[in-house]
K.L.:
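Provided herewith is a single structure, encoded as structure tokens, for subsequent inquiry.
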Amino acid sequence: QVQLVESGGGLVQAGGSLRLSCAASGRAASRYAMGWFRRAPGKEREFVAAIRWSGAGGTYYADSVKGRFTISGDNARNTVYLQMNSLKPEDTAVYYCAAQPFYTSSPLVTEYGYNYWGQGTQVTVSS
């Protein structure tokens, strides 16, 4: 059974940094792409960043985090990271890791192509 396990969340002051990690238990689960989403209190889950391993590869970011967050990973180790710098109180949310094993017609910035999800890790940014 595929499992995604996130770590690295916590409490940080505004302007600080955190690094999230996500490890997938099965390589096939994350063969095509992995991503990060978040859900803030009272809001729907939203896209944060994604990395596509297949083909030429590529990274994708939500406009709200572009220039502050960096997604990276090691496909051989089924691991993806999210380096978060210059954190703001509005970044407070539960952050979820997701894995997509194969190409679908759904864009990576949407939830629909991701088959596997982690339990989430809380990130709290104080002002």
Side-chain angles (χ1 to χ4, degrees):
Q1 186 168 347
V2 174
Q3 284 188 316
L4 301 182
V5 179
E6 302 105 333
S7 60
L11 173 63
V12 65
Q13 288 188 331
S17 299
L18 283 174
R19 188 190 195 212
L20 305 183
S21 300
C22 172
S25 61
R27 184 161 191 258
S30 59
R31 183 170 294 164
Y32 182 74
M34 295 184 76
W36 289 96
F37 291 74
R38 67 186 182 187
R39 177 178 282 140
K43 296 186 177 181
E44 294 187 352
R45 189 159 58 185
E46 64 176 5
F47 170 76
V48 176
I51 185 165
R52 178 166 52 90
W53 310 118
S54 182
T59 56
Y60 309 85
Y61 296 94
D63 287 343
S64 60
V65 306
K66 204 171 291 184
R68 300 188 298 122
F69 291 11
T70 302
I71 189 169
S72 62
D74 183 340
N75 191 20
R77 297 184 179 181
N78 308 325
T79 303
V80 67
Y81 308 99
L82 186 68
Q83 178 66 42
M84 305 185 294
N85 298 329
S86 302
L87 282 161
K88 305 175 181 180
E90 51 263 44
D91 294 318
T92 294
V94 177
Y95 283 70
Y96 298 90
C97 174
Q100 185 169 337
F102 46 80
Y103 168 81
T104 74
S105 59
S106 300
L108 289 176
V109 301
T110 67
E111 299 185 4
Y112 306 111
Y114 294 91
N115 291 61
Y116 305 104
W117 292 84
Q119 293 299 309
T121 184
Q122 177 70 46
V123 171
T124 303
V125 184
S126 62
S127 58

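Heads up: numbering here begins at 1 and tracks the sequence. Side chains are part of it too, since the values below use all heavy atoms of this structure and drop only hydrogens, waters and symmetry mates. Quantities reported herein were computed from a predicted structural model and do not represent experimental measurements.
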K.L.:
Hydrophobic cluster membership, with links at side-chain heavy-atom distances under 4.5 Å among I/L/V/M/F/W/Y: are Leu82 and Val12 in one?
P.N.:
yes
K.L.:
Filter on disulfide (SG to SG under 2.5 Å), then keep only pairs touching residues 62-91, sequence neighbours left out; what's left?
P.N.:
none
K.L.:
According to salt bridge (Lys or Arg N to Asp or Glu O under 4.0 Å), who are the partners of Lys66, at least two apart in sequence or on a separate chain?
P.N.:
Asp63
K.L.:
Any idea which heavy atoms bring Pro101 and Asn115 closest together, and the distance?
P.N.:
CD-OD1, 3.4 Å
K.L.:
First locate atom CD of Glu90, then atom OG of Ser127, and finally report the distance between them rounded to the nearest 0.5 Å.
P.N.:
10.0 Å
K.L.:
With Val123, which residues qualify under side chain to side chain contact (heavy atoms under 4.5 Å, CB included), at least two apart?
P.N.:
Leu18, Leu20, Met84, Tyr95, Val125
K.L.:
Name all pairs fulfilling the salt bridge (charged side-chain N to carboxylate O under 4.0 Å, His left out) condition that reach into residues 111-127, sequence neighbours left out, sorted by first residue then second.
P.N.:
Arg45-Glu111
K.L.:
Do Val94 and Leu87 share a hydrophobic cluster (ILVMFWY, side-chain heavy atoms under 4.5 Å, transitive)?
P.N.:
no
K.L.:
Starting from Met34, can I reach Tyr103 by hopping between I/L/V/M/F/W/Y residues whose side chains sit under 4.5 Å apart?
P.N.:
no
K.L.:
So if you build clusters from Ile, Leu, Val, Met, Phe, Trp, Tyr with side-chain heavy-atom gaps below 4.5 Å, do Tyr81 and Trp117 land together?
P.N.:
no
K.L.:
Which residues satisfy the side chain to side chain contact (heavy atoms under 4.5 Å, CB included) test with Val109, sequence neighbours excluded?
P.N.:
Phe47, Pro107
K.L.:
What pairs meet the disulfide (SG to SG under 2.5 Å) rule with one or both residues in residues 35-89, with sequence neighbours excluded?
P.N.:
none
K.L.:
List for me each residue that meets side chain to side chain contact (heavy atoms under 4.5 Å, CB included) alongside Val65, sequence neighbours excluded, and say none if there are none.
P.N.:
Arg38, Val48, Tyr61, Ala62, Arg68, Phe69
K.L.:
Compare all side-chain heavy atoms of Thr104 with those of Tyr32 and state whether any distance is below 4.5 angstrom.
P.N.:
no
K.L.:
To the nearest 0.5 Å, how far apart are CG in Leu4 and OG1 in Thr79?
P.N.:
10.5 Å
K.L.:
Show every salt bridge (charged side-chain N to carboxylate O under 4.0 Å, His left out) that has at least one partner inside residues 114-127, sequence neighbours left out.
P.N.:
none
K.L.:
Return each pair, listed once, that meets disulfide (SG to SG under 2.5 Å) where at least one residue sits in residues 91-127; pairs must be two or more places apart or across chains.
P.N.:
Cys22-Cys97
K.L.:
Run through Phe102, Phe37, Tyr96 and flag the one making a ring pair (Phe, Tyr, Trp, His ring centres under 6.0 Å) with Tyr114.
P.N.:
Phe37
K.L.:
Can you measure from OG1 (Thr92) to CD (Gln122) and round to the nearest 0.5 angstrom?
P.N.:
7.0 Å
K.L.:
Is there any disulfide (SG to SG under 2.5 Å) pair reaching into residues 47-78, and which pairs are they, with sequence neighbours excluded?
P.N.:
none
K.L.:
If a pair satisfies salt bridge (charged side-chain N to carboxylate O under 4.0 Å, His left out) and one of its residues is in residues 116-127, list it, with sequence neighbours excluded.
P.N.:
none
K.L.:
Write out all pairs satisfying side chain to side chain donor-acceptor pair (under 3.5 Å) with one or both partners inside residues 5-24, taking only residues at least two apart or from two chains.
P.N.:
Ser17-Asn85
K.L.:
Got more than 12 heavy atoms from elsewhere within 6.0 Å of CD, Glu46?
P.N.:
yes
K.L.:
Which atom names give the shortest non-hydrogen contact between Pro89 and Ala14, and what distance separates them?
P.N.:
CD-CB, 4.1 Å
